[in-house]
Amino acid sequence: MRRVLLEVAAALRNIGTVTFVDPVRQGRPQPREWPRGLAAIGAATLLVYVLLAAAATFAVDIRQSGDLTASASSGHTLPTAALPLLLTGLILSFALAHTAALHTSWWLRITLFLLGAAATLFFTTPAFDSPLLLVGSAAAYLVLLVFTLA
């Protein structure tokens, strides 16, 4: 247990160093030096998170201006206009977490993969009356895991 705690502490220290300390030491980010495609991913991520922040800022107006969609599993409602943005943010977040899992220690990788499996199950649970959707989602995630591990 002590070894795991030491690894967690080292991982957090590395995250802080790589995320904050090294970029400050090296100056501003240099997108020209990034691997091909990373600048586009960073720009898309920034755009989605700016749009999500704007949606949170204007949540009352968005909710009052249009139709609401009720969740089949919880009964909560969400503005129909915001659903594509929310799903995009959710999928992007899980894709980034899954990609980050490729570059971490084995125990954090397993944790992130289990988180992805739990999310897949959670979001397909309302589809229990549609076994094809449930099996398709589980199969797609398993294919992604096999592709990742291979």
| request: Answer with yes or no whether the hydrophobic clustering places Val21 together with Ile15; edges join I, L, V, M, F, W, Y residues whose side-chain heavy atoms lie under 4.5 Å apart. | output: no
| message | Among residues at least two apart in sequence or on other chains, which ones pass side-chain contact (heavy atoms from CB on, under 4.5 Å) with Thr69? | response | Thr80, Leu83
| query | Residues in side-chain hydrogen bond (donor to acceptor under 3.5 Å, both in side chains) with Ser93, at least two apart? | reply | Tyr49
| said: Walk me through whether Arg63 and Thr77 qualify under side-chain contact (heavy atoms from CB on, under 4.5 Å). | reply: CA-CA 9 Å; Arg63 189 168 184 86; Thr77 58; 2.6 Å; yes
| query | What about Leu114 and Val4, same hydrophobic cluster or not, with Ile/Leu/Val/Met/Phe/Trp/Tyr joined at side-chain heavy-atom distances under 4.5 Å? | reply | yes
| said: As an exercise, state the distance from CG of Leu12 to CD of Glu7, rounded to the nearest 0.5 Å. | reply: 12.0 Å
| Taking the side chain as C-beta and beyond, is there a heavy-atom pair between Pro84 and Leu87 under 4.5 Å? | no
| Residues in salt bridge (Lys or Arg N to Asp or Glu O under 4.0 Å) contact with Arg2, at least two apart in sequence or another chain | none
| query | Applying the 4.5 Å side-chain criterion to the ILVMFWY set and letting contacts propagate, would Phe94 and Ile91 be lumped into a single cluster? | reply | no
| request: I would like to know whether Leu108 and Leu112 meet side-chain contact (heavy atoms from CB on, under 4.5 Å); could you show each step before the answer? | output: CA-CA 6 Å; Leu108 187 55; Leu112 289 171; 4.2 Å; yes
| query | Would Leu86 end up clustered with Leu51 when hydrophobic side chains under 4.5 Å apart are linked, directly or stepwise? | reply | yes
| remark: Output for pair (Leu90 CG, Leu85 CG), nearest 0.5 Å, gives 11.0 Å
| query | Is it the case that one hydrophobic cluster holds both Leu96 and Val48, taking links as side-chain heavy atoms less than 4.5 Å apart, direct or via other members? | reply | yes
| Any idea which heavy atoms bring Pro79 and Ile62 closest together, and the distance? | CB-CG2, 3.7 Å
| request: Count the heavy atoms belonging to other residues, nucleotides or ligands that lie under 6.0 Å from CG of Asp22, then report whether that count exceeds 12. | output: yes
